[in-house]
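In listed order, ligands and their atoms are each counted from 1. Keep in mind it's a predicted model, so treat the numbers as computed, not measured. Nothing fancy with the numbering, it's 1 onward along the sequence.
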Amino acid sequence: MNRNAALAITACAAVVALWFLSGNDIEAIKPDAQTSTREGNTLTIGTGSVSGVYFPAGGAICRLVNKGRKSHGIRCAVESTGGSVDNLNALRANDLDMAIVQSDWQFRAVNGTGRFSDAGPFSDLRSVFSVHGEAFTVLARRSSGIAAIADLKGKRVGVGRPGSGQRAMMALVMEALGWRRKDLARAFEFATSEQHRALCAEEADAVVYVIGHPNGVINEAMGACETVLVEVAGAAIDDLVKERPYFAHAVIPGGMYKGNAKDVKTFGVTATLVVSAKLDADIVYEVVKAVFDNFDEFKGLHPAFGHLERGNLVRAGNSAPLHDGAVRYFKENKLF
Ligand code: GLU
């Protein structure tokens, strides 16, 4: 990732399209298909909460893969999961074929650091391509008076589900600020879909996400009660970004959401698609081909993809080696 560049958070209209999984995959699977996954020709992509961006991102990838099913025989399906950390554990246990994970957790998994230090390096982890930028996003109820990250001290905060990337990233932010768990009045582990309900019901003062923008949950929350996006900046955050290659400063552009007129400074990561080295190279090749050959269509499938550029998705955020199937496509198309 270019550390000096703001993340590729798009400034497109805050109208978040409703996204429907294609339910009409009725073509027969090619009987003589050469490819194989854990379950015959079904490729399962681990994502996140159904109300996040990973789930529709996985859906967009599958939609394009399934369009070519008659020729390659692969049936792609998405699975809703707890998020990045759960996805990496499931991939390692061979419970998923592919997964979307934050670039910082990809880095720690392949190196066996942080919460993956007990498990050791996941040396079979392979990257395929990166997707959208994700911002560490703090949303507060306006009446809470929270205006900056430091104001979360002593407040009731939704930190995310165990197994989610956001929960683990919040722990790092707290560490950087020199806080312990007791520095929050409460730390709730709401699911992504529950967070803004708790915020508007005044059960929580603020909630945290690590998510691409614009997205449906923030859009909905900003319309459901008086909320503000909180700036995540200052010396501790600057040090965090400086020390770690997978973090970059980011901005949630003003005007992206109703009620959020000004740019909000924060920092973030990149969402990345990963697999195990064991997955058949022909399958990985077909997935990359489906997305990269139909890139304009892919970009239109979620507003957070609006400003993606093909060339940037090859290396940005990918610390694990690229899978052979992805390398084949990138070389053929002079992207590598
Ligand atoms: N970055 C989040 C996580 O790994 C998931 C965000 C999403 O679902 O869009 O926990």
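Under the rule for a side chain to side chain donor-acceptor pair (under 3.5 Å), E202 has no partner lying at least two apart in sequence or in another chain.
Selection from V53, V85, V101, V210 by nearest heavy atom to atom 6 (C) of ligand 1 gives V210.
Residue-level proximity to ligand 1 for E134 is carried by the side chain, the only part with a heavy atom below 4.0 angstrom.
By the 3.5 Å distance cut-off applied to N or O atoms, S49 is not counted among the residues near ligand 1. Of the polar atoms of F55, none of the N or O atoms is found under 3.5 Å from an N or O of ligand 1, judged by distance alone.
Aromatic ring pairs are classed by plane angle as parallel below 30°, tilted from 30° to 60° and perpendicular above 60°; the pair F305 and H132 is tilted.
In this structure, R328 forms a cation-pi arrangement with Y285, its terminal cationic atom sitting closer than 6.0 Å to the ring centre and no more than 45° off the ring axis.
In terms of protein heavy atoms, atom 10 (O) of ligand 1 is closest to G165 N, 2.6 Å.
With salt bridges taken as basic N to acidic carboxylate O contacts below 4.0 Å, none links R156 and E203. Ion pair R244/D104 not flagged as a salt bridge, since none of the NZ, NE, NH1 or NH2 atoms sits closer than 4.0 Å to an Asp/Glu carboxylate oxygen.
Pairs of residues two or more places apart, or lying in two chains, that qualify as ring-ring contact (aromatic ring centres under 6.0 Å, His included) and include a residue from residues 134-168 are F136-F267.
The S84 neighbourhood of ligand 1 comprises atoms 3 (C), 4 (O), 10 (O), with distances under 4.0 Å to a heavy atom of that residue. The distance from ligand 1 to the heavy atoms of S164 drops below 4.0 Å at these ligand atoms: 10 (O).
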